[in-house]
Amino acid sequence: MLQNRYGDTEYPIRDRWSSARLYRQALLRVRPTWAMVRNLAWTAPAIVLLAVLFITTNGFSAVPNGDGLGVFVLVEIGGFAILVAAGLTAATWVDSRKARSEQQQYWEAVGSGPTSGRQQQLLALDAQSDFEFGGWNATLDYGPAWSRLPLAMRQRHRSDPKWHPFLTMPPMETDRLRGQLDSQWHIASRTDLELFVADALSDRSLSARYAQILAGEDGGRMVARISSLTGIDEWDLRALGQSTLRGPAPALWAADTQRVVSVIRMGFLAGLLDEGSAWELVERATAPGTSLFTDWDQYWSNVRTGLAFQTDSLEAVQRFDHVLQGLRNSDWPAARIPFPTTPVPSWLSGPDGEPRGDD
């Protein structure tokens, strides 16, 4: 069940010295008093030894002279230095394990089991987005969230906002997630989310906008610009608006798939719907991407084209290429899982072979 550390892409999470620094910084920020007490505890043996030396030498006034001084420094002061180093090393070793142990504790608190092979295939359709910011991709949760934790933990946090059970991966606040959903997508409830999915898979999809512009007087300008950003031949870009043997025109349905899946997962972490309902929406949202494309190369190429269409930014396309290459070279399950091909759903094709959004 362990994945990458949230915010990092190494998979799976491992005990690392850098994790010790991460934990100490978080502890100092959230519990500064305890951080200082803890540091003293790790060096307590050395402090005790120093105190004993101070007492037995009458404030160091009884330190021997001559040859005895060298032996004293080597044995007593050297022992003090060794105890300090041993304490700091032990503390670092313990702290280096915190990130992994806290993620394990989080999954135990959440109570979710591992995803199925089919579910992992569907999540892989959103893997490039997760890899970009170090999110999780082997679960519906793309990161830790308060909405997923037991009620007792949530109530304690509400009464004491400074209390955090996982210092290396602070859970996302439910109110903040809901605020982002509303400001970005006008989603404030489960009904809003379901309507968003329906609209984003029909007349408000990137695919519908692409087809509309392609058929208009600005189609040539749009195709030329996307070709410049992506390096894709203009005729291939025009072909995206034509139906194929597999069904409707490919348009930008892979880009639509990734976009809608990411919003559904955000709605799930915001507590707008339960896990079962979220998977049902994911299954529907991924249908265009898994039915109109046959492999990962086709799928990601279409997502890339959709990004160029949506952002009109070469920098965004270059960033996409860099992140996707990193994903493909990683140990993430999404980098090696088979592409989830499915039949074209009936709701995606109308009598004329063009996309429609009704059931």
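Every value quoted in this text rests on a predicted model; they were computed, and no experiment measured them.
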Short side-chain to backbone donor-acceptor contact, [X] and [Y], under 3.5 Å:
X: Arg97; Y: Asp15; value: no
X: Asp274; Y: Gly276; value: yes
X: Thr286; Y: Val282; value: yes
X: Gln121; Y: Pro338; value: yes
X: Arg154; Y: Leu149; value: yes
X: Arg100; Y: Pro12; value: no
X: Asp199; Y: Ser205; value: no
X: Glu102; Y: Ala99; value: no
X: Ser147; Y: Leu269; value: yes
X: Arg5; Y: Ile13; value: no

**Item:** Trp163 six-ring face occupied by Arg158 cation (under 6.0 Å, within 45°)
**Value:**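 Relative to the ring axis of Trp163, which defines the angle, Arg158 lies outside at least one limit.
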Report yes or no: do [X] and [Y] belong to one cluster of Ile/Leu/Val/Met/Phe/Trp/Tyr joined by side chain heavy-atom distances under 4.5 Å?
X: Leu177; Y: Val110; value: yes
X: Leu206; Y: Val261; value: no
X: Trp253; Y: Phe320; value: yes
X: Leu201; Y: Leu193; value: yes
X: Val317; Y: Leu324; value: no

**Prompt:** Can you check side chain to side chain contact (heavy atoms under 4.5 Å, CB included) on Arg209 and Phe309, steps first, answer last?
**Reply:** CA-CA 10 Å; Arg209 285 174 50 200; Phe309 171 73; 4.0 Å; yes
With a 4.5 Å limit on heavy-atom distance, are the side chains of [X] and [Y] in contact?
X: Gln298; Y: Asn302; answer: no
X: Trp185; Y: Gln180; answer: no
X: Phe196; Y: His186; answer: no
X: Leu229; Y: Leu314; answer: yes
X: Leu272; Y: Leu181; answer: yes
X: Asn137; Y: Gln120; answer: yes
X: Leu281; Y: Phe268; answer: no
X: Ser330; Y: Tyr11; answer: no

Indicate whether any N or O donor in one side chain lies under 3.5 Å from an N or O acceptor in the other, for [X] and [Y].
X: Ser129; Y: Gln258; result: no
X: Asp126; Y: Ser262; result: no
X: Arg190; Y: Ser277; result: yes

Thinking salt bridges, do [X] and [Y] make one under a 4.0 Å N-O criterion?
X: Asp297; Y: Arg328; result: yes
X: Arg118; Y: Glu283; result: yes
X: Asp8; Y: Arg16; result: yes

**Request:** Step by step, work out the side chain to side chain contact (heavy atoms under 4.5 Å, CB included) result for Arg319 and Glu132.
**Result:** CA-CA 9 Å; Arg319 174 64 179 170; Glu132 184 170 10; 3.5 Å; yes
**Request:** Could you label the plane-to-plane angle of the His164 and His157 rings as parallel, tilted or perpendicular, counting under 30° as parallel and over 60° as perpendicular?
**Result:**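 Answer is tilted, since the angle falls between 30° and 60°.
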**Prompt:** Any idea how Tyr299 and Phe293 line up, ring-wise: parallel (<30°), tilted (30 to 60°), or perpendicular (>60°)?
**Reply:** perpendicular
Contacts under 3.5 angstrom, residues 231-241 side chains, donor-acceptor by atom type, not counting sequence neighbours:
{"residue": "Asp233", "atom": "OD2", "partner": "Trp235", "partner atom": "N", "Å": "2.8"}

Gap separating the [atom1] atom of [X] from the [atom2] atom of [Y], nearest 0.5 angstrom:
X: Gln103; Y: Glu108; atom1: CD; atom2: CD; result: 11.0 Å
X: Thr9; Y: Phe133; atom1: OG1; atom2: CZ; result: 12.0 Å
X: Asn329; Y: Phe131; atom1: CG; atom2: CZ; result: 8.5 Å
X: Leu252; Y: Arg259; atom1: CG; atom2: CZ; result: 10.5 Å
X: Glu10; Y: Trp332; atom1: CD; atom2: CH2; result: 12.0 Å
X: Ile187; Y: Glu194; atom1: CD1; atom2: CD; result: 10.5 Å

For [X], look at atom [atom1] and say whether over 12 heavy atoms of other residues, nucleotides or ligands are found less than 6.0 Å away.
X: Asp160; atom1: CG; value: yes
X: Glu315; atom1: CD; value: no
X: Arg14; atom1: CZ; value: yes
X: Arg176; atom1: CZ; value: no
X: Gln184; atom1: CD; value: yes

**Request:** Would you please test Arg265 and Asp130 for salt bridge (Lys or Arg N to Asp or Glu O under 4.0 Å) and show each step?
**Result:** CA-CA 11 Å; Arg265 295 174 73 194; Asp130 290 330; 2.7 Å; yes
For the residue pair [X] and [Y], what are the closest heavy atoms and their distance?
X: Pro340; Y: Trp296; value: CD-CZ2, 4.0 Å
X: Ile337; Y: Ala124; value: CG2-CB, 3.9 Å
X: Asp182; Y: Ala188; value: OD1-CB, 3.8 Å
X: Pro171; Y: Phe166; value: CG-CD1, 4.2 Å
X: Leu125; Y: Thr290; value: CD1-CG2, 3.8 Å
X: Ala109; Y: Met153; value: CB-CE, 4.3 Å

**Asked** For the residue pair Trp107 and Trp136, is the inter-centroid distance of their aromatic rings smaller than 6.0 Å?
**Response**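 Centroid separation for Trp107 and Trp136: below 6.0 Å.
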**Request:** List the steps and the verdict of side chain to side chain contact (heavy atoms under 4.5 Å, CB included) for Tyr6 and Thr168.
**Result:** CA-CA 9 Å; Tyr6 184 70; Thr168 61; over 6 Å; no
